[in-house]
Amino acid sequence: VGRCEVEELSLVEPRPPSEEPTFNWALFWRFLRPHLLALGTAIVLALGSAMVNVYIPLLLGQLVEIVRKYTQDHFGDFMSESQSLGFHLLTLYSLQGLLTFGYLVLLSRVGERMAKDIRQELFGCLLRQDIAFFDGKKTGQLVTRLTADVQEFKSSFKLIISQGLRSCTQMAGCVVSLTVLSPRLTLLLLMVTPALVGAGTLLGTFLRRLSRKAQEQISKATGVADEALGNVRTVRAFAMEPQEEAHYETELEESRRLAEKLGRGIAIFQGLSNIALNCMVLGTLFIGGSLVAGQELSGGDLMSFLVASQTVQRSMANLSLLFGQVVRGLSAGARVFEYMSLTPDIPLVGGCHIPQTELQGTVSFQNVSFSYPCRPGFTVLKNFSLTLPPGKIVALVGQSGGGKSTVASLLERFYDPTEGTVYLDGQDLRSLDPSWLRGQVIGFISQEPVLFGTTIMENIRLGKLDASDEEVYAAAQAANAHNFICSFPEGYDTIVGERGATLSGGQKQRLAIARALIKQPKVLILDEATSALDGESERVVQEALDRASAGRTVLVIAHRLSTVRTAHQIVVMAQGCIKEVGTHMELMRKGGLYSELIRSQTLLSSPGCNAD
Ligand code: ADP
């Protein structure tokens, strides 16, 4: 009954149960509705194929009866008598094959199209979510929903429709023909079979649980190896190789133990089910044989009965396995649909624009307080007020964790302030179109520039999708990047690998600057843009940044105070509040926090050691 299904099932059950969302039937219906016609046809074909399957054993029985007659009586023409029955059977076999082909093709069509629609919509929904949403999630988990969960939902859906329908119809049909063939034998069978299937299901559940444990243990062992190999430098630096090997071996050993236990379980299961099935065949033959002997049943009918009862058993076993699949399919579907019904607080588009000619680029924070949504009790900014005058450079400095990057995130409208307001040219940021704000007003250059796995040209053009090649060259020139790009054999068509692994830090940063400059932003945010660079690249990048800053409202977030001396205004932040404001000279004269920071950084910046 079970055969290799147990092993197969173990492969699709790697996830430990976590807090489960509920299945959204309305959404499911929305994805299903466009495919109702194909699905309906598939169902009809599947039902047809199942009916044919019910009918075939009856004809087989008749054929056996003819064979029996000729083995006994040896007269008449066997060929002519069995010919029409044979043709009939052949036609049914072909019909069955055709119906199977038809419903499988249709089901695969429905399943794949639905999976594509679901993936597309889910991806769109994920991309539209608030940044706060991503703070609490691991990228891996989100990608799993797009890949493995959709996959599992799709295959469950297909299996439930095809196997479920077929098994139910076949079972019902065969029970009817069994009853017609021999009510007494059927009664006996109906008493024994459910007990056996029940026992099998119980054992199967136990095995599945075991298989899940074994899977989890494998993941655990893989995790150890993954961590060690991924951090091999640290492992080497601490001479941790023997410990890591021992650690891996322990996990591997446990994994082997569980897998062997599972293997034994499967062996027992299959041995027992073979015995049970064979005994049932023997029992049916024995009891059926006595009925045949007593002239209550023909030999052919007994044959039909045997074939039909096997079909019932197979169908029941299938259904009990399907039950597990239903549960898994529903929970995969629930995970897939969960994020589709979420609406972000900050939409991507919608709101007003300030006409280009009137745009000044004055940014002001007024009494802004803010806590990150994932840590509501912890106030990061407290009553923060600051104005960035148009065309001027304002630098935020202070200890790490003081809230500097948070200020930039609020300006990008990654989050909305908990209290207070951020204004651009006197307009509440919340009334402006976020896509316009991010796409055309603000340029953002961060410490770790992210490039996409395409050409340099396309990477720069991400800043302004309709930019001409000339605009791209101009932006690259302004960012001190044109020369190094041209030194590559492929020039602007160089593919920069995933995350730009083929470029140096300084080169990546200059591409990021070009990408930000191409949109000619009125406001520029530089979030520790040079802190990850060495001295020489820092000089080239800083030069590009200085050029980029001219005529723009610039917010610089800096660790290295050497880079902000020329700022029009330096704002010292600590614990989410402004502690000091002034120019470099003013703050040095004052002798407060800023001069202290400068002093401690000068002390620290001996060769090979920087202030970070
Ligand atoms: P800075 O840029 O001055 O180093 P940040 O603005 O990055 O400071 O961080 C200020 C505080 O906010 C820190 O305590 C940090 O732990 C917290 N924080 C930063 N980002 C998040 C986030 N996405 N979710 C929750 N807390 C955050």
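Scope of the values below: all heavy atoms of this structure, side chains included, with no hydrogens, waters or symmetry mates. Start at 1 and go down the list; that is how both ligands and their atoms are numbered.
When atom types are taken as modelled, the side chain of Thr418 and the backbone of Ser371 share a donor-acceptor pair closer than 3.5 angstrom.
The protein non-hydrogen atom at the shortest distance from atom 8 (O) of ligand 1 is Gly403 N, 3.1 Å. With hydrogens left out, the protein atom closest to atom 14 (O) of ligand 1 is Phe378 CE2, 3.4 Å, a heavy atom. Closest to atom 6 (O) of ligand 1, if we only count protein heavy atoms, is Thr406 OG1, 2.5 Å. What sits closest to atom 7 (O) of ligand 1 on the protein, heavy atoms only, is Ser405 CB, 3.6 Å. Counting protein heavy atoms only, atom 19 (C) of ligand 1 is closest to Tyr372 CE1, 3.4 Å. The protein atom (non-hydrogen) at minimum distance from atom 23 (N) of ligand 1 is Asp135 OD2, 3.2 Å. Counting only heavy atoms of the protein, atom 1 (P) of ligand 1 lies nearest to Gly401 N, 3.4 Å.
Below 4.0 Å from some heavy atom of Cys374 lie the following atoms of ligand 1, by number and element: 24 (N), 25 (C). Residue contact check: Ser400 has heavy atoms under 4.0 Å from atoms 4 (O) of ligand 1. Annotation for ligand 1: atoms under 4.0 Å from non-hydrogen atoms of Val380 are 10 (C), 11 (C), 12 (O). Atoms of ligand 1 found under 4.0 Å from any heavy atom of Gly402 (numbered from 1 in listed order, with element): 1 (P), 3 (O), 8 (O).
Atom CZ of Phe238 has 12 or fewer neighbouring heavy atoms from other residues, nucleotides or ligands inside a 6.0 Å radius. Residue Lys213 qualifies as open at atom NZ: its count of foreign heavy atoms under 6.0 Å is 12 or below. By the neighbour-count criterion of 12 heavy atoms within 6.0 Å, atom CD of Glu227 is sparsely surrounded, having that number or fewer from other residues, nucleotides or ligands.
Taking the charged nitrogens against the carboxylate oxygens, Arg461 and Asp469 do have a contact shorter than 4.0 Å, which makes a salt bridge. Look at Glu543 and Arg539 and you find a salt bridge, because one of the NZ, NE, NH1 or NH2 atoms lies within 4.0 Å of a carboxylate O, short of that distance. Taking a cutoff of 4.0 Å between a charged side-chain nitrogen and a carboxylate oxygen, Arg515 and Glu458 do not qualify as a salt bridge.
By the criterion of a heavy-atom distance under 4.0 Å, the side chain of Arg375, and not its backbone, is placed next to ligand 1. Contacts with ligand 1 closer than 4.0 Å are made by side-chain heavy atoms of Tyr415 only, the backbone lying farther away. Under 4.0 angstrom from ligand 1, there are no non-hydrogen atoms of Ser409.
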**Prompt:** Stepwise, does the side chain to side chain donor-acceptor pair (under 3.5 Å) test hold for Ser385 with Asn367?
**Reply:** CA-CA 5 Å; Ser385 295; Asn367 306 320; 3.2 Å; yes
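Taking the centre of each ring, Tyr372 and Phe378 stay at or above the 6.0 Å mark.
Because its NZ or CZ atom is both nearer than 6.0 Å to the ring centre of Phe133 and within 45° of the ring axis, Lys137 counts as a cation-pi partner of that residue.
Protein heavy atoms are found inside the 4.0 Å sphere centred on atom 25 (C) of ligand 1.
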